[in-house]
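Report on the following structure.
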Amino acid sequence: MAKWGEGDPRWIVEQRADATNVNNWHWTERDATAWSTDKLKELFLAVSVKGEEGSCEVTEVSKLDGEASINNRKGKLIFFYEWDVKLDWTGLSNSGMKYKGHVEIPNLSDENDPSEVEVRVSLAKDEPDTNLITLMRKSGVQQIREVVAQYISTLKTEFTQGMILPTKNGVSHTGVTDSMQKVAPPVTQDKTVISQNTGVKIPTCKVSMKEMFLTSPEELYRVLTRQELVQGFTHAPATVMAEKGGKFQLLGGNVSGEFIELVSTDLGPIGGTSV
């Protein structure tokens with residue numbers, strides 16, 4: 001049992017008056033579906049554009065299927081939302097003709113940036129052609145994407161209030177990762193490298209691997225030293241300069257290093273690399 005004042009700070013409940021989710025360590029979730037439904041309807045029904053051809057406005061949210069939630073883990077907020085949206089719009093040309101149409105947003109989700117959200121605009125069935133469809137596909141789509149951005153921003157500011165609880169010092173975190181936050185190093189490490197860009201100490205270790213290949217030394221040597229064969233073996237882009245001191249990059253640049261020794265004999269080492 002820990003002595004008084006020496007307990008794990010994640011579990012010291014006396015530091016909070018309500019003893020709830022100390023230091024925001026535990027996973028908490030808040031359902032934002034109902035709030036998002038009302039907010040999206042409010043924002044979409046405010047969409048209205050005008051142009052030389054006339055004016056258009058969203059008159060109804062005919063479909064709004066999906067869900068939204070916010071999770072708090074270790075003081076960080078994680079947002080999930082996915083919606084399938086259909087809107088009805090009405091246009092009025094300068095000549096006084098009325099037109100009706102639809103807007104589809106098949107995948108409004110946290111996977112896409114607002115500028116990347118797919119928005120499909122069409123005229124209702126049996127409606128004659130009109131230049132108002134161009135107005136909706138340009139200005140209308142732009143305003144709809146602005147509405148999506150506003151929804152995401154509001155979700156991350158207004159609805160999240162109270163999810164990050166104050167700590168013992170009364171400080172309430174915003175949920176944004178602090179770049180200066182101290183991170184505990186791994187338990188075991190061989191050495192520490194100081195990054196020249198940030199000055200941060202990065203724990204490193206030495207990795208040794210042994211693999212068994214059921215092929216001849218000559219064939220394996222060819223596969224590991226010829227660029228086209230390396231690309232075929234890894235199924236990814238690669239750059240290989242098979243010479244002493246030559247550089248190589250594998251898996252699209254995720255692994256890189258240099259050859260420190262190359263011996264293509266049956267009994268000698270096949271080669272050495274430094275990664």
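In this structure, the separation between OG on S122 and CD1 on I133 is 6.0 Å, given to the nearest 0.5 Å. Rounding to the nearest 0.5 Å places OG1 of T59 at 8.0 Å from NZ of K100. Atoms CD and OG, from E111 and S109 in turn, are 4.5 Å apart once rounded to the nearest 0.5 Å. For the atom pair E42 CD and Q150 CD, the distance stands at 8.0 Å (nearest 0.5 Å). With values rounded to the nearest 0.5 angstrom, F259 atom CZ is found 10.0 Å from M241 atom CE. A distance of 10.5 Å separates OG1 in T37 from CD in E67, rounded to the nearest 0.5 Å.
Across all non-hydrogen atoms, the minimal contact from G91 to C56 is CA-SG, 4.0 Å. Among all heavy-atom pairs drawn from T157 and S153, the shortest one is OG1-O, 2.8 Å. Heavy-atom minimum distance, E127 versus K98: OE1-O, 4.1 Å. Smallest separation of non-hydrogen atoms from V230 and A238: CG1-CB, 3.8 Å.
Under the side-chain hydrogen bond (donor to acceptor under 3.5 Å, both in side chains) criterion, E228 pairs with R226, sequence neighbours left out. Here Q227 pairs with Q231, T239, V240 under the side chain to side chain contact (heavy atoms under 4.5 Å, CB included) rule; sequence neighbours left out. Judged as a salt bridge (Lys or Arg N to Asp or Glu O under 4.0 Å), and not counting sequence neighbours, the contacts of E118 are R120. Taking the salt bridge (Lys or Arg N to Asp or Glu O under 4.0 Å) definition, one finds that R137 meets it with nothing, sequence neighbours left out.
Taken together through direct or relayed side-chain contacts under 4.5 Å among Ile, Leu, Val, Met, Phe, Trp and Tyr, L108 and L64 form part of one hydrophobic cluster. When hydrophobic clusters are built by joining Ile, Leu, Val, Met, Phe, Trp and Tyr residues whose side-chain heavy atoms come closer than 4.5 Å, directly or via intermediates, L92 is not grouped with M97.
Annotation: side chain of P217 is not in contact with side chain of L220 (no heavy-atom distance under 4.5 Å). Y99 has its side chain within reach of S93: a pair of non-hydrogen atoms, C-beta onward, lies under 4.5 Å apart. Using a 4.5 Å heavy-atom cutoff, the side chains of R222 and L229 are in contact. Residues V117 and N107 are not in side-chain contact: their nearest non-hydrogen atoms beyond the backbone lie 4.5 Å or more apart. Counting heavy atoms from C-beta outward, T130 and L123 have side chains that approach closer than 4.5 Å. Contact of the V119 side chain with the R145 side chain is registered, since non-hydrogen atoms from C-beta on lie closer than 4.5 Å.
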Q: Evaluate the side-chain contact (heavy atoms from CB on, under 4.5 Å) criterion for residues V103 and M136: first the C-alpha distance (whole Å), next the side-chain angles of each, then the deciding distance (0.1 Å), finally the verdict.
A: CA-CA 9 Å; V103 176; M136 276 298 292; 4.0 Å; yes
(Q) Quick one, I260 with K244, criterion side-chain contact (heavy atoms from CB on, under 4.5 Å). Give me CA distance, side-chain angles, the key distance, then yes/no. (A) CA-CA 5 Å; I260 58 176; K244 187 174 182 179; over 6 Å; no
Q: Kindly indicate, with the supporting measurements, whether the criterion side-chain contact (heavy atoms from CB on, under 4.5 Å) is fulfilled by L262 and T225.
A: CA-CA 9 Å; L262 291 137; T225 55; 3.8 Å; yes
Q: Show your reasoning for whether side-chain contact (heavy atoms from CB on, under 4.5 Å) applies to V61 and L40.
A: CA-CA 9 Å; V61 180; L40 285 170; over 6 Å; no
Side chains of residues 44-54: which donor-acceptor pairs under 3.5 Å do they make with residues two or more places apart or in other chains?
none

Can I get a per-line list of side-chain donor-acceptor pairs under 3.5 Å for residues 77-88, giving both atom names and the distance, sequence neighbours left out?
from : atom 1 : to   : atom 2 : distance (Å)
W83  : NE1    : Y151 : OH     : 3.3
D84  : OD2    : K63  : NZ     : 3.0
D88  : OD1    : H102 : ND1    : 3.0

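Across L155, V148, T154, a single residue satisfies side chain to side chain contact (heavy atoms under 4.5 Å, CB included) together with I152, and that is V148.
Remark: the backbone N or O of L251 is paired with a side-chain donor or acceptor of N254 at under 3.5 angstrom.
Crowding of D65 atom CG: a count of heavy atoms from other residues, nucleotides or ligands under 6.0 Å exceeding 12. The environment of CD in E116 is crowded: more than 12 heavy-atom neighbours from other residues, nucleotides or ligands sit within 6.0 Å.
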